[in-house]
Asker: 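Take a look at this one; I'll ask things after.
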Amino acid sequence: MEAFNYTDTTEFMERDFSNSKETGTEIKIENVSMVFPDKNGGEPVTALQNVNLEIKQGEFISLLGPSGCGKTTLLRLIADLLQPTSGNITVRGETPRDVRLKKKYGIVFQNPVLYDWRTIRRNVCMPMELMGMKKSERTARVTKMLELVGLLDFGKHYPYELSGGMQQRVGIARALAIKPEILLMDEPFSALDEFTREKLQIDLLRIWNKTNKTVIFVTHNISEAVFLSDRVVVLSPHPGRVSAVVDIDLPRPRDMECRQTPEFFDYMTKIRNSFEGV
Amino acid sequence: MEAFNYTDTTEFMERDFSNSKETGTEIKIENVSMVFPDKNGGEPVTALQNVNLEIKQGEFISLLGPSGCGKTTLLRLIADLLQPTSGNITVRGETPRDVRLKKKYGIVFQNPVLYDWRTIRRNVCMPMELMGMKKSERTARVTKMLELVGLLDFGKHYPYELSGGMQQRVGIARALAIKPEILLMDEPFSALDEFTREKLQIDLLRIWNKTNKTVIFVTHNISEAVFLSDRVVVLSPHPGRVSAVVDIDLPRPRDMECRQTPEFFDYMTKIRNSFEGV
Amino acid sequence: MKDKIKNIVLPASFGILMIALWEGRMIHKLLGFKPFQLPIPSEIIKTLSKNFNKAIIDTLTTVNGALVGLVIGCIIGFLVAVIATQFPKWGYTGLTVIATFNAIPIVALSPIMNRWFESGFGQKVGVVTVVCMGAMAINSYRGLNDLKPFARDLMQSYAASEKEVFFKLRLPNCLPSIFTAIKINVPAALMAAMISEYFAASTSGLGFGVKDNLRKGMMAMGWSYIVMASLVGIILYLFIIVVERRAIKWHASQR
Amino acid sequence: MISKKERLRVNIVWVIGIFLVWELGAFFLAGVLNDPMADAKLPYLHTIFWVIIQNFSELLGAAGLTFSRAILGFILGAGVGFLLAIVMSLSKTVEKIAFPYLIFSQMVPVLGLAPIIFNLVRDMNTSRTIIAAYITFFPVSVNMLSGLTSVDNEKKELMYSYAAGKKSIYFKLMIPYSLPYLFAGLKIAAPMSVTASILVDMLGSSGGIGVKLLYSLYSGTKDMFWASVFTSAAMGIISYSIILILEKKFIPWKKEVVQKEGA
Amino acid sequence: SSDKSATGGTETTAAETTAAVETTAAETTAAGGELDKVTLQLKWLPQSQFMGYYVAAEKGYYEEEGIDIEILPGGSDIIPEQNVYNGVANIGVTWVSSLMTYQAQGYELQEIAQIFQKSGLLLVSKAETGIASPEDLAGKKVGNWFGGNEYEILALLEKYQLDKNSDLELVQQDYTMDQVKEGSIDAASAMTYNEFGLLLESGIAKEDLNVIDMNDEGVAMMEDCLFVNSEWAAENEDLIVRFLRASIKGWAEASANPQAAGEIVYNVDKSVSLEHQVYMAEEVAKLVVPEGFDPANIGSIDMAAIQQTADYLALYNKDLAATPVVDDSTFTAKYWEEATK
Ligand SMILES: Nc1ncnc2c1ncn2[C@@H]1O[C@H](COP(=O)(O)OP(=O)(O)OP(=O)(O)O)[C@@H](O)[C@H]1O
Ligand SMILES: Nc1ncnc2c1ncn2[C@@H]1O[C@H](COP(=O)(O)OP(=O)(O)OP(=O)(O)O)[C@@H](O)[C@H]1O
Ligand SMILES: [Mg+2]
Ligand SMILES: [Mg+2]
């Protein structure tokens with residue numbers, strides 16, 4: 001994978017561990033429903049119905065579920081980008097809004113959502129500007145982040161000059177750059193080849209390990225979900241409900257070998273079955 | 001998967017078999033290079049360099065390769081949406097342009113590329129309008145296609161009301177609806193969960209079997225590539241070159257079971273290795 | 001529904017406040033104006049109601065000319081944008097040419113149009129047409145060409161003809177810009193129609209009324225014509241907004 | 001992409017084309033139809049040019065005066081239009097409240113406006129600039145606002161997710177996104193500012209193209225009238241071209257789109 | 001006085017026409033020191049219609065009176081009454097009928113001198129239209145500029161019992177004479193000194209034109225006069241007298257030698273040919289000093305004529321806010337009397 005430099009890019013990701021020891025409830029989702037009215041007079045779409053979920057501080061959670069079942073919607077609700085039709089979400093005992101305003105979230109969107117008028121470097125830079133970071137620090141961090149996702153050579157290009165997978169990686173770099181405490185990732189690796197994906201999975205785990213972030217990770221790849229997560233939440237569609245929650249008790253740190261173990265396959269089968277039961 | 005109806009949706013896909021018996025060269029790519037100049041004064045990007053490839057009529061070919069290696073670019077060259085910097089492409093002995101003008105191509109883009117102002121139904125309808133199809137036929141076909149991809153209920157919605165995976169499925173439905181003779185699919189299933197993906201894989205194979213299309217299929221999923229293809233072409237990045245071509249001699253028709261066979265795993269390993277050799 | 005009420009109540013109450021301040025001569029105090037320099041609303045309304053029939057006829061005269069000119073001007077502007085889009089090499093310069101017309105003041109256009117058209121109506125339509133072309137040409141050119149990535153590729157992959165690309169892609173993509181242009185052109189057309197009447201060979205129309213009365217110092221009458229023009233402008237604008245909401249409900253601006 | 005050289009060639013062909021069509025039209029009117037008013041309807045272009053050449057320095061001086069005022073009015077007008085659009089985009093309520101008044105403002109003719117503005121600022125020169133700006137701001141405002149309201153939801157959500165302040169949202173997202181719309185507005189407003197400046201010339205100014213225009217119109221000197229009209233058109237072309245150049249500088253990421261058009 | 005000049009609306013530019021006027025003033029003022037700034041708002045563009053002021057400025061008569069004069073040209077969007085009332089200018093030139101409508105509205109404006117003793121308004125038509133006398137206007141298209149310029153025409157129609165709405169079509173003229181030339185209107189308003197001359201200059205022979213003169217028809221209304229804001233006048237009585245003295249001197253000289261006056265105006269603005277300016281000067285002279293009028297009385301206010309104007313106005317302007325008041329508060333002769341003492 002000549003596109004990547006496997007230098008250790010995690011040391012600058014360290015964050016303030018002041019409250020990392022408490023592993024209480026980080027995110028509490030109670031009876032949340034989300035209905036989208038159809039503006040053209042059709043039937044409203046119930047994206048989520050009575051979803052209940054508790055996510056612990058520092059936990060790595062994956063959301064799985066068929067296309068259109070409400071994963072993105074749930075993420076958007078947690079991030080206060082949408083307000084639930086009914087039910088309640090608290091994050092660290094506060095409303096998602098308060099947490100958002102404290103800039104605790106980092107989001108990788110399902111589409112890369114890059115700003116056309118900014119070069120790749122400046123796209124990655126953007127959240128740091130919002131944080132009021134110093135220019136020199138920004139520059140250093142952007143460089144490290146682009147190195148991490150293998151796009152250092154493309155820093156001065158504009159988004160339209162990048163391939164789909166490259167754009168997605170820019171989105172990942174951007175979200176990680178600000179060291180968010182709560183990381184919401186919506187199918188971040190879907191447009192990546194298996195090798196880039198595996199590399200980024202390992203990198204992500206390393207960062208997570210070091211910094212004790214809470215990660216909510218949407219994916220369609222069951223193996224990826226098992227490999228990364230403490231817990232896998234399976235949603236069922238129309239309307240979206242939690243159909244299964246699977247604890248993954250594989251030892252950490254995990255490496256590629258653990259993917260070959262029978263336990264790993266057991267988990268995959270278990271999840272696949274919970275899927276099919278839908 | 002309650003979202004889908006497994007009715008047989010292929011009978012209307014049958015096409016004129018008049019010249020399906022000859023299995024000559026369908027697409028010939030000779031020494032093709034593609035260089036994107038950087039408009040902002042940076043170094044030009046060589047997306048493809050001296051690519052040679054022959055694709056037979058009725059063949060199912062998968063393109064694999066790391067993110068940014070030029071898969072999409074190659075597809076766009078074949079479809080005459082880009083012109084190569086050097087080298088030559090012929091399709092059925094003609095230029096890609098001629099073939100495009102004869103409306104032989106059906107493309108699933110990496111991003112869904114839906115038109116905001118059209119409902120889902122009318123998005124799927126669009127190519128058929130271009131073909132000058134009768135309204136009644138269009139309506140019938142759109143219904144079948146939306147059924148195939150499990151979106152019948154969303155026909156009257158606008159694209160922004162759909163999830164990422166749903167949008168991608170609309171793109172698939174749109175490309176298949178016109179029964180193209182050459183089907184170019186750029187990571188069509190990347191945003192879909194494994195079950196929807198498997199269902200659509202099977203459907204795609206069935207359609208392909210019946211109609212003898214030539215399919216060029218870009219994917220990052222090695223297992224998917226092996227399962228679907230007659231041949232897997234692996235590209236290496238920067239600049240994009242063909243690094244390996246693997247013939248898949250698994251018997252057809254294939255079903256889910258064949259994925260468990262040792263041959264299948266052998267092919268996967270082989271391809272993975274050719275990848276790593278990069 | 002609640003929003004709708006809010007949308008009416010808020011501007012209305014603000015308007016009432018302004019009118020009250022005006023009526024209470026606060027605005028006069030601010031500007032150091034005597035009431036006869038800037039008539040108070042009640043006087044305007046009184047004058048207007050006294051001359052209502054004539055005001056309506058004058059309004060219709062002006063609005064007819066403005067609307068016809070608006071339509072013709074918008075069509076011409078749009079066609080120029082289409083030509084510039086379909087024949088980028090040769091047509092593009094047309095945009096500059098048509099934009100240039102905006103630099104010719106109505107004061108100069110009107111006498112020219114007076115020579116070309118015998119009737120006051122024709123002259124008015126001519127002036128308004130010229131005034132409306134530029135905004136439409138420039139905006140619709142933007143709309144016809146600012147396509148989302150790969151939107152055109154999709155069309156090309158199906159070997160869509162230029163005509164199909166135009167009608168199925170460019171035109172719908174352009175609709176929001178067309179509305180933007182119309183929003184600019186509605187007041188511009190009314191104003192142009194009015195100013196053209198300063199020079200028109202007739203003694204009717206809002207413009208004539210405004211000029212004739214203001215020049216004679218009959219401010220209340222002059223301002224009642226301005227009020228009529230504003231009402232027409234606001235009604236037309238609202239109409240455009242309503243049509244827009246229906247026509248481009250898929251657009252980000254309407255969500 | 002059409003090269004600069006080719007663009008120049010095309011433009012030359014246009015100029016020649018317009019010249020020929022005009023001359024033919026003028027000939028048709030004067031020579032064939034024998035229209036007695038031909039010199040008022042469509043005088044020969046070469047005679048207009050001849051008058052322009054003869055009075056070149058005089059016209060240039062007048063144009064300079066008008067153009068400098070136009071620039072001032074344009075900057076002020078565009079600035080106000082831009083700010084108004086921002087304010088209106090901040091809240092739908094403000095937009096709803098403001099729009100009837102904006103329309104109303106556009107319906108007050110200079111004749112009624114001039115005394116009000118003068119009484120407000122008590123200085124004729126300032127009044128002139130304000131009136132010129134007043135005439136120019138509307139298209140900028142409407143176009144900018146339509147840009148601001150067209151921003152994709154996703155792009156905004158990215159900003160929200162970082163709890164970006166209003167200022168950041170505007171400077172980093174809304175305004176850059178709306179630049180193409182803004183420039184469309186500026187392209188409309190730039191030639192209009194020339195008109196506005198000419199109109200303001202007529203408010204008792206003692207120089208400028210507007211005065212030339214009015215005098216020649218009133219005194220029946222047709223040649224000079226048309227020469228003034230052409231001078232104002234020329235100023236329109238210049239102002240439009242300036243905006244085009246600025247647009248190219250400020251919107252580099254649109255290059256690809258431009259390229260495709262040429263294909 | 002520099003701060004005052006800012007409010008006066010001066011343009012300090014190369015094309016500045018009044019600057020030329022100011023700098024050519026040869027003599028210095030008797031006072032030798034500070035000059036009082038006075039701005040004069042013309043009704044229309046600089047032309048021989050206003051030659052008296054230009055001659056006075058050129059010859060330095062204003063400076064002799066200790067006045068720094070600035071002459072503001074008029075234009076299509078300029079209303080002298082508004083400008084004088086608002087303080088854009090100190091003194092204005094307008095038609096009496098127009099001044100009266102403003103006075104009736106409540107504008108405290110007063111006339112200080114009557115420059116034109118006669119009406120200069122004509123109705124001209126091409127001979128082929130057959131309008132030999134006002135009766136022939138019936139069924140015709142008749143042009144005027146409106147906005148306060150139409151009352152004499154209305155009076156004429158009234159006199160001949162022609163209904164302005166039904167018996168003929170009264171339409172607005174643009175600022176050219178093209179409409180008569182092309183025949184889109186039958187009879188057009190024309191000032192003896194300007195439009196009529198333009199018609200002749202454009203090659204139409206005098207014999208081919210029919211002319212109706214308002215003076216001959218006895219419906220003349222008073223035209224160009226000087227007026228001021230009454231409040232300002234009360235504080236600047238002496239200045240007004242000095243201004244009038246210089247202006248009258250200028251007018252007397254201009255009327256005596258229109259050729260030279262026309263040249264002076266031509267030098268201020270060359271948009272119109274010298275011949276036309278001279279022609280205009282000669283015609284204007286006939287209005288300022290009509291046959292049998294004592295040049296010593298230039299600027300005197302004939303209250304009877306003013307009263308006739310007021311009567312016609314009251315008759316034809318239905319929307320007039322009040323009946324015009326004709327007395328010393330609105331038409332004040334005292335400044336003129338002081339100036340000509
Ligand atoms: N329009 C363009 N302008 C400049 N460079 C481009 C353009 N399109 C693609 N490239 C470059 O060409 C290379 C190949 O891009 P391409 O989209 O073909 O990759 P890909 O194999 O499809 O990758 P992915 O799997 O991420 O979609 C990339 O390095 C990209 O930066
Ligand atoms: N803005 C919207 N308006 C209307 N309906 C919406 C909107 N956003 C989402 N929906 C509907 O809500 C449901 C869930 O959408 P969501 O995007 O959460 O799915 P998802 O689980 O993320 O799917 P995918 O895996 O395909 O991304 C879908 O049926 C979709 O049609
Ligand atoms: Mg999603
Ligand atoms: Mg790709």
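Lettering of chains follows the sequences in order, A, B, ..., and the numbering in each one begins at 1.
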Asker: Side chain of C/Trp90, backbone of C/Ala84: donor and acceptor closer than 3.5 Å?
Answerer: no
Asker: So, D/Glu95 and D/Ser89: side-chain donor and acceptor under 3.5 Å apart, yes or no?
Answerer: no
Asker: Quick check on D/Leu111 against chain C: is it the side chain, the backbone, both or neither that has a heavy atom closer than 4.5 Å?
Answerer: both
Asker: Do you know which of D/Val13, D/Asn153, D/Val151, D/Asp152 has the most heavy-atom pairs under 4.5 Å to chain C?
Answerer: D/Val13
Asker: Output the option from C/Thr93, C/Ile234, C/Val186 having the highest count of non-hydrogen pairs under 4.5 Å with chain D.
Answerer: C/Thr93
Asker: Assign the ring pair D/Tyr181 / D/Tyr177 to parallel, tilted or perpendicular, where the plane angle (0 to 90°) is split at 30° and 60°.
Answerer: parallel
Asker: Heavy-atom cut-off 4.5 Å, strictly under: side chain, backbone, both or neither for C/Phe179 against chain D?
Answerer: neither
Asker: Do the rings of D/Trp226 and D/Trp22 sit parallel, tilted or perpendicular, given the 30° and 60° boundaries?
Answerer: perpendicular
Asker: Could you have a look at D/Pro109, D/Ala233, D/Gly236 and say which one has the most heavy-atom pairs with chain C under 4.5 angstrom?
Answerer: D/Pro109
Asker: Answer with yes or no whether the side chains of C/Thr85 and C/Asn145 bring together a donor and an acceptor at under 3.5 Å.
Answerer: yes
Asker: Heavy-atom distance under 4.5 Å to chain C: side chain of D/Ile198, backbone, both or neither?
Answerer: side chain
Asker: For C/Ile104, is it the side chain, the backbone, both, or neither that has a heavy atom closer than 4.5 Å to a heavy atom of chain D?
Answerer: both
Asker: For C/Val97, is it the side chain, the backbone, both or neither that has a heavy atom under 4.5 Å from a heavy atom of chain D?
Answerer: side chain
Asker: Tell me, side chain or backbone of D/Phe104 under 4.5 Å from chain C's heavy atoms, or both, or neither?
Answerer: both
Asker: Where does C/Pro111 contact chain D at under 4.5 Å (heavy atoms): side chain, backbone, both or neither?
Answerer: side chain
Asker: Given the options C/Arg115, C/His251, C/Arg215, which has more heavy-atom pairs under 4.5 Å with chain D than any of the others?
Answerer: C/Arg115
Asker: If you tally heavy-atom pairs under 4.5 Å against chain D, which of C/Ala181, C/Gly143, C/Gly94 wins?
Answerer: C/Gly94
Asker: Any side-chain heavy atom of D/Phe74 sitting closer than 4.5 Å to one from D/Val194?
Answerer: no
Asker: Is D/Ser146 reaching over with its side chain to a backbone N or O of D/Asn143, donor-acceptor style, under 3.5 angstrom?
Answerer: yes
Asker: To the nearest 0.5 Å, how far apart are OG in C/Ser196 and CG in C/Leu109?
Answerer: 9.5 Å
Asker: Please flag which part of D/Leu244 lies under 4.5 Å from any non-hydrogen atom of chain C: side chain, backbone, both or neither.
Answerer: side chain
Asker: What part of D/Ile238 is in contact with chain C, defined as an atom under 4.5 angstrom from a non-hydrogen atom: side chain, backbone, both or neither?
Answerer: neither
Asker: Is it the backbone or the side chain of D/Leu120 that comes under 4.5 Å from a heavy atom of chain C, or both, or neither?
Answerer: both
Asker: Shorter than 4.5 Å, heavy atoms on both sides: which option in C/Thr100, C/Asn114, C/Val232, C/Val227 has the most such pairs with chain D?
Answerer: C/Thr100
Asker: For chain D, which candidate among C/Gln254, C/Arg142, C/Lys183, C/Lys211 shows the most heavy-atom pairs at distances under 4.5 Å?
Answerer: C/Arg142
Asker: Kindly say whether C/Ala81 contributes a backbone atom to a donor-acceptor pair with the side chain of C/Ser140 at under 3.5 angstrom?
Answerer: no
Asker: Identify which part of C/Met191 has an atom lying under 4.5 Å from any heavy atom of chain D, answering side chain, backbone, both or neither.
Answerer: both
Asker: Please check: side-chain N/O of D/Trp14 versus main-chain N/O of D/Arg9, any donor-acceptor pairing under 3.5 Å?
Answerer: no
Asker: Is it the side chain or the backbone of C/Leu95 that comes within 4.5 Å of chain D heavy atoms, both, or neither?
Answerer: both
Asker: Under a 4.5 Å heavy-atom cut-off, does chain C meet the side chain of D/Leu29, its backbone, both or neither?
Answerer: side chain
Asker: For the backbone of C/Cys132 and the side chain of C/Asn185, can you confirm whether one donor and one acceptor N or O come within less than 3.5 Å of each other?
Answerer: yes
Asker: For chain C, which of D/Leu213, D/Ile116, D/Asn11 has the most heavy-atom pairs under 4.5 Å?
Answerer: D/Ile116
Asker: Are C/Tyr225 and C/Asp58 close enough, and set up right, to give a side-chain hydrogen bond (donor to acceptor under 3.5 Å, both in side chains), and what steps lead you there?
Answerer: CA-CA 9 Å; C/Tyr225 277 103; C/Asp58 281 334; 2.6 Å; yes
Asker: D/Phe225 and D/Tyr215: aromatic ring centres closer than 6.0 Å?
Answerer: no
